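Note that the coordinates shown come from a computational prediction; the quantities given were computed from them, not determined experimentally. We're numbering straight along the sequence, starting at 1.
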Amino acid sequence: MKKILNRTFLKLLAIAAMTCDHAALAFLSSDSVLYYLMRGFGRITAPIMAFFIAEGFRHTKSRIKYLSRLGAFALISQPFYFMLVFSRIPNNTFEFVTNLNVMFTFCSSLAILIIYENHKFTIWLKVVLIGICLVFSDICDWSYIIPAWTLAFRIFRNKPLQRYIVFIIISILLPLQKYLPQFDNFQEYSYFFAVLLAIIPISLYNGKKCAARHGGKYLSKWGFYIYYPLHIGLIILIKRAVG
């Protein structure tokens, strides 16, 4: 299979899917077909970004700076995320800090990779630290599903078949365990399993940064971080204006 998609295209695809997902959440009725389709399309964003967390971990010059960058945008995004999901300000601090946005989940995923690759840590220390990260992920958007994907992408980075088999297993079993009990029936949440479609663009990734010579590097490094809180803020403003 010819690999034809570069990093910029995949991140733009992830951004488009995320925008559709959040627009559906903000403006559409949950029992409409369009809501189902747009949220299904939006499911491909998280696995694509988990894949790039694993890729970024391998290529970054400073993993601590990478983690700090994620953490900074996670903090910036949190008020916007809470308002999007709950359509109100938090009732108290506990509610605010126990419903964290997906940038925090990416932080946890990156921290797990740093711990996993640290040869100075004993196996038991790694287990404990990774366990702490997973517990933290459980109060974040997507919970421990994204860290599981990210670790799988890292461990099986040179074994595509095993990577996608593990990805499929994670994508089916963990959501059933974590999220399905929160819904009245399977159909109500079945759109989640559109995450499996992310296999297609990821498998077509050619490892190149971008097609454009100018501006591509900036978009590749900062575009998703900036766009995440920005587009949520715009959706909130539009919803208030039309509501």
- Thr150/Phe57 under side chain to side chain contact (heavy atoms under 4.5 Å, CB included): CA gap, chis, key distance, verdict: CA-CA 10 Å; Thr150 307; Phe57 175 83; over 6 Å; no
- ring-ring contact (aromatic ring centres under 6.0 Å, His included) between Phe167 and Phe153: does it pass, once the steps are laid out? CA-CA 8 Å; Phe167 173 78; Phe153 286 139; 5.8 Å; yes
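Residues Leu125 and Phe121 approach most closely at CD2-CD2, 3.6 Å, considering heavy atoms.
Under the 3.5 Å distance criterion, the side-chain polar atoms of Lys126 are matched with a main-chain donor or acceptor of Asn118. Although no hydrogens or angles enter the test, the distance criterion places a donor-acceptor pair under 3.5 Å between the side chain of His231 and the main chain of Tyr228. A donor-acceptor pair is defined here as one N or O able to donate and one able to accept, closer than 3.5 Å; no such pair exists between the side chain of Lys208 and the backbone of Arg7. Of the possible donor and acceptor atoms, none in the side chain of Thr98 sits under 3.5 Å from a partner among the backbone N and O of Ile139. Panel note: side chain Gln78, backbone Phe104; no donor-acceptor pair is recorded below 3.5 Å.
Between Phe94 and Phe96, the distance separating the two ring centers is not shorter than 6.0 angstrom.
Glu117 has a carboxylate O that lies under 4.0 Å from a charged side-chain N of Arg154, or vice versa, which qualifies the two as a salt bridge.
Side-chain contact annotation: Ser190 with Tyr36, donor-acceptor N/O pair under 3.5 Å present. Judged purely by distance below 3.5 Å, without hydrogens or angles, the side chains of Gln177 and Tyr144 pair a donor atom with an acceptor atom.
Under the side-chain contact (heavy atoms from CB on, under 4.5 Å) test applied with Phe224, the options Ile15, Ile48, Leu12 reduce to a single match, Ile15.
Here the CH2-OH distance, from Trp142 to Tyr179, works out to 7.5 Å after rounding to the nearest 0.5 Å.
Inter-residue side-chain proximity for Ile89 and Met83 is flagged as met; some heavy-atom pair is nearer than 4.5 Å. The side-chain heavy atoms of Thr19 and Tyr227, taken from C-beta on, include a pair separated by under 4.5 Å.
Cation-pi geometry between Arg43 and Phe193 is not met at under 6.0 angstrom from the ring centre and within 45 degrees of the axis.
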